Amino acid sequence: DAGVIQSPRHEVTEMGQEVTLRCKPISGHDYLFWYRQTMMRGLELLIYFNNNVPIDDSGMPEDRFSAKMPNASFSTLKIQPSEPRDSAVYFCASSLGSLVNEKLFFGSGTQLSVL
Amino acid sequence: AQSVAQPEDQVNVAEGNPLTVKCTYSVSGNPYLFWYVQYPNRGLQFLLKYITGDNLVKGSYGFEAEFNKSQTSFHLKKPSALVSDSALYFCAVRRPGFQKLVFGTGTRLLVSP
């Protein structure tokens, strides 16, 4: 298995532009998580899905952020409009269901820089 | 609500010496506890977990962690450090019945030759 695949690896954009981050979870995994990592705040959970349905989006900073999971093999995190304070590394992670299996598999992340 | 504290931003240790990376937690009920490691420009990788049972948990790469309920701690340990262990280590906690995993701020481990 190729693991969790995120694209792009790096994104540089200007303030006000729309940014779309993409994630392909491990095949067969039914949970998908979006995290954001910054020096100031560490690793924050933004939103997670179970069987393509958003379960908890309480970590999404504001309405500028949105996430979708149209099918089991693809998810997007969109920021519109982007701001410099959105600069961070965004990670996608997936796991195989149940409350007993605890292992999260992370992608390599997308380094976002908003100028 | 649950939370995790990693009191040390950085831990320095010489190769061959034992290492400890500290973690304390706060959660209602019995906690599910985890350690993850992050190498440069990579995502986090699972190291080990405590769900129930023996308080001493063994994981990948020779790491182990000890669950101490009275001190609400879950310190990561290794008897003999390697230079290749240098990385960022994250402790995490989850409440039973909930899927949300909350991470600490991370501790950078530097192992010198």
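Because the structure is a prediction, the values reported are computed rather than measured. In what follows, chains are A, B, ... by sequence order, proteins preceding strands, each numbered from 1.
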Distance-only donor-acceptor check, side chains B:Thr107 and B:Glu8, under 3.5 Å: no
Which portion of B:Leu88 sits near chain A, non-hydrogen atoms under 4.5 angstrom: side chain
Turns out that what part of B:Gln45 lies under 4.5 Å from chain A's heavy atoms comes down to neither
B:Asp85 and its salt bridge (Lys or Arg N to Asp or Glu O under 4.0 Å) partner, picked from B:Arg108, B:Lys78, B:Lys77: B:Lys78
Give, as side chain, backbone, both or neither, the part of [X] having an atom under 4.5 angstrom from any heavy atom of chain B.
X	value
A:Gln111	neither
A:Ser58	side chain
A:Phe105	neither

Could you label the plane-to-plane angle of the B:Tyr89 and B:Phe63 rings as parallel, tilted or perpendicular, counting under 30° as parallel and over 60° as perpendicular? tilted
Under 4.5 Å side-chain linkage, directly or through intermediates, the cluster mates of B:Leu82: none
Might you confirm whether atom CZ of B:Arg95 has over 12 heavy atoms from other residues, nucleotides or ligands at distances under 6.0 Å? yes
